[in-house]
Amino acid sequence: AGDFAQAAQDYRRAAEIDTARAQPLFCLAQLYEESNDLDQAGTIVQEALAREPDDGESNCLAGVLKRRDGDLTAARAFFEKASRQATTPETRMNVQFELGKILDRQGDRAAAFSHFETANGLQAELETAAMAGKADYLNRVAALSDFMATNALPLPTWRPGAGSSPSRPAPAFLIGFPRSGTTLLDQILDAHPGIRVVEEQPLIETLWRRVAAHPEGYPGALPRLTAADLATLRDLYFTALDTHWEQTGGDLKKSPDGDLVVDKFPLNALHLSLIHQVFPEARVILALRHPCDVVLSCFMQQFALNDAMANFTTLADGARLYAAVMGLLQDYRARLDLPVHEIRYESLVADFTPTVADLLTFLDVPWDDSVAGFTQHARSRGRIATPSYSQVSEPLYQRAKFRWHGYRDRLAPVMDDLIPLIAQFGYER
């Protein structure tokens, strides 16, 4: 529910009631680790291990903390012990993902890939409901592609009118494909005092589901939407936005200082046609990264599976989804008058200041030195609701750039899906 202070209090109380088991303390330590409070997490996980030295979950978390501290040897020892002690499929899966990360960092790519394969296989077995929906997600992408291929443009666009919200400026939209650097950009932008980032909330989903109730469904109804319909959708977006912020202790209406709202949800890339209709003046930030690195990173990342993320449990499915989503994105860009600013992960980590300065200029926001302190901002922000929460609390690093070179043989079978987009985005094979 997002009330982490109360959660911490309740876990601590549970640990006081049950003074023998490690689990309440493990849960508390995990909460602090996910909030990037590593000192507290480390202290508490040691309390858990003092109670149950062979607890698989606590040993795994101790390994995570050692990995995040850069002590890969100690981390691996904890993970190997956790592997021997794991009593649940979830812990076995977690350990396999973690061993894959350690071996990748240590340069043993073949062994790392084997662990990631095992981890993804275990997750697919555990989350059967999500796996059943992965084909449906691809079908939804295909329906949007078919719509773009068979409909004349431009579609209607919103204009101020009765019942509309002309006083509410459009947000900017941060899109891309998962593992393209969107969370890093989120933290950098949110560190700016004039920008507020909304992190992966289903605000645009609220709109397309409303359109889906139309007799012609979504996206079929898009050409039939009137100016009044689009104004209603715009108001619906801001109502959902304000509701979200009220529930999390803030107010996202434009402040007197003119804060810019950035809606960060990578796979909103699918809905650029709808976004452009409702917010024709909105700026779009497109996060790009080498397609091979993106697909590999999705395979290596432990996501909470849903219909989309279920496609990342194999490289073949991940590459197929990447080609479908990014191919649709390129079609949108060719056929819609979209103000898009590309920002490449490789440039961001290599040339931070000029890359971010260009982005802020695009957003019409002045430079502020606070953006360079994004790691401190990430640590102070509390729990970050994406799997990249730990990476964005670190200083910029180069090790993930072109990581795919070490896995060329594994990526070879999926290159036919990726080569066209590698060329379109100007990357090297």
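Atom set for the values below is all heavy atoms of this structure, side chains included, hydrogens, waters and symmetry mates excluded.
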> Which residues pass the ring-ring contact (aromatic ring centres under 6.0 Å, His included) test with F265, not counting sequence neighbours?
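F265 satisfies ring-ring contact (aromatic ring centres under 6.0 Å, His included) with no residue once adjacent residues are dropped.
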
> For the side chain of E52 and the backbone of R21, is there at least one donor-acceptor N/O pair under 3.5 Å apart?
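Not at all, since once roles are kept as given, no pair shorter than 3.5 Å links the two residues.
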
> Cut-off 3.5 Å, side chains only: do Q6 and D10 have a donor facing an acceptor?
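There is such a pair (donor and acceptor under 3.5 Å, judged by atom type) between the side chains of Q6 and D10.
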
> Picking from T206, V278, I204, what satisfies side chain to side chain contact (heavy atoms under 4.5 Å, CB included) with Y237?
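Of all the options given, the one that passes is I204.
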
> Just to verify, what does H271 make a ring-ring contact (aromatic ring centres under 6.0 Å, His included) with, not counting sequence neighbours?
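By the ring-ring contact (aromatic ring centres under 6.0 Å, His included) rule, H271 matches W208, Y218.
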
> If a pair satisfies ring pair (Phe, Tyr, Trp, His ring centres under 6.0 Å) and one of its residues is in residues 8-40, list it, with sequence neighbours excluded.
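Pairs touching residues 8-40 that pass the test: none.
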
> Identify the two heavy atoms, one from A110 and one from R410, that lie closest to each other, and give their separation to 0.1 Å.
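Distance-wise, the nearest heavy atoms are O-NH2, 4.4 Å.
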
> Under the side-chain hydrogen bond (donor to acceptor under 3.5 Å, both in side chains) test, which residues partner S370, sequence neighbours left out?
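Residues passing side-chain hydrogen bond (donor to acceptor under 3.5 Å, both in side chains) with S370: D368.
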
> Apply side-chain hydrogen bond (donor to acceptor under 3.5 Å, both in side chains) to T87 and list each qualifying residue two or more places apart in sequence or on a separate chain.
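Once residues adjacent in sequence are excluded, T87 has no partner under the side-chain hydrogen bond (donor to acceptor under 3.5 Å, both in side chains) criterion.
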
> Would you tell me whether D104 and Y407 have side-chain atoms, one donor and one acceptor, within less than 3.5 Å of each other?
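Looking only at side-chain atoms, Y407 and D104 do form a donor-acceptor pair, the distance falling under 3.5 Å.
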
> List in chain and number order the residues that pass side-chain hydrogen bond (donor to acceptor under 3.5 Å, both in side chains) with D55, two or more places apart in sequence or in another chain; answer none if no residue qualifies.
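Per chain and number, D55 pairs via side-chain hydrogen bond (donor to acceptor under 3.5 Å, both in side chains) with S58.
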
> Going through the checks in order, is the salt bridge (charged side-chain N to carboxylate O under 4.0 Å, His left out) test met by E346 and R289?
CA-CA 7 Å; E346 296 85 2; R289 186 182 179 189; 5.2 Å; no

> Is a donor on one side and an acceptor on the other found under 3.5 Å between the side chain of D293 and the backbone of W404?
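Between the backbone of W404 and the side chain of D293 there is a qualifying donor-acceptor contact (under 3.5 Å).
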
> Once side-chain hydrogen bond (donor to acceptor under 3.5 Å, both in side chains) is applied, do any residues pair with R333, and if so which ones, sequence neighbours excluded?
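Here the qualifying residues are E342.
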
> So, the side chain of N59 versus the backbone of Q85: is there a donor-acceptor pair under 3.5 Å, distance only?
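Answer holds: no.
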
> Which residue pairs pass the salt bridge (charged side-chain N to carboxylate O under 4.0 Å, His left out) test with at least one member in residues 298-309, sequence neighbours excluded?
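Those involving residues 298-309 are R140-D307.
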
> Please check: side-chain N/O of R234 versus main-chain N/O of W158, any donor-acceptor pairing under 3.5 Å?
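Pair absent, no side-chain N/O of R234 close to backbone of W158.
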
> Look at the side chain of T19 and the backbone N and O of A15, then say whether any donor-acceptor pair between them is shorter than 3.5 Å.
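A pair under 3.5 Å: no.
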
> Is there any ring pair (Phe, Tyr, Trp, His ring centres under 6.0 Å) pair reaching into residues 175-204, and which pairs are they, with sequence neighbours excluded?
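Found F177-F312, F177-Y322.
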
> Once ring pair (Phe, Tyr, Trp, His ring centres under 6.0 Å) is applied, what residue pairs with a partner in residues 64-106 remain, sequence neighbours excluded?
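Qualifying pairs: none.
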
> Going by salt bridge (charged side-chain N to carboxylate O under 4.0 Å, His left out), name the pairs with one or both residues in residues 311-320, residues two or more places apart or in two chains.
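Salt bridge (charged side-chain N to carboxylate O under 4.0 Å, His left out) check on residues 311-320 returns K134-D317, D317-R320.
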
> Please list all pairs passing the salt bridge (charged side-chain N to carboxylate O under 4.0 Å, His left out) test where one or both residues lie in residues 71-85, with sequence neighbours left out.
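Sorted pair list: D54-K81, R76-E80.
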
> Under a 4.0 Å N-O cut-off, is there an ion pair linking D242 with R168?
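So D242 pairs with R168 through a salt bridge.
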
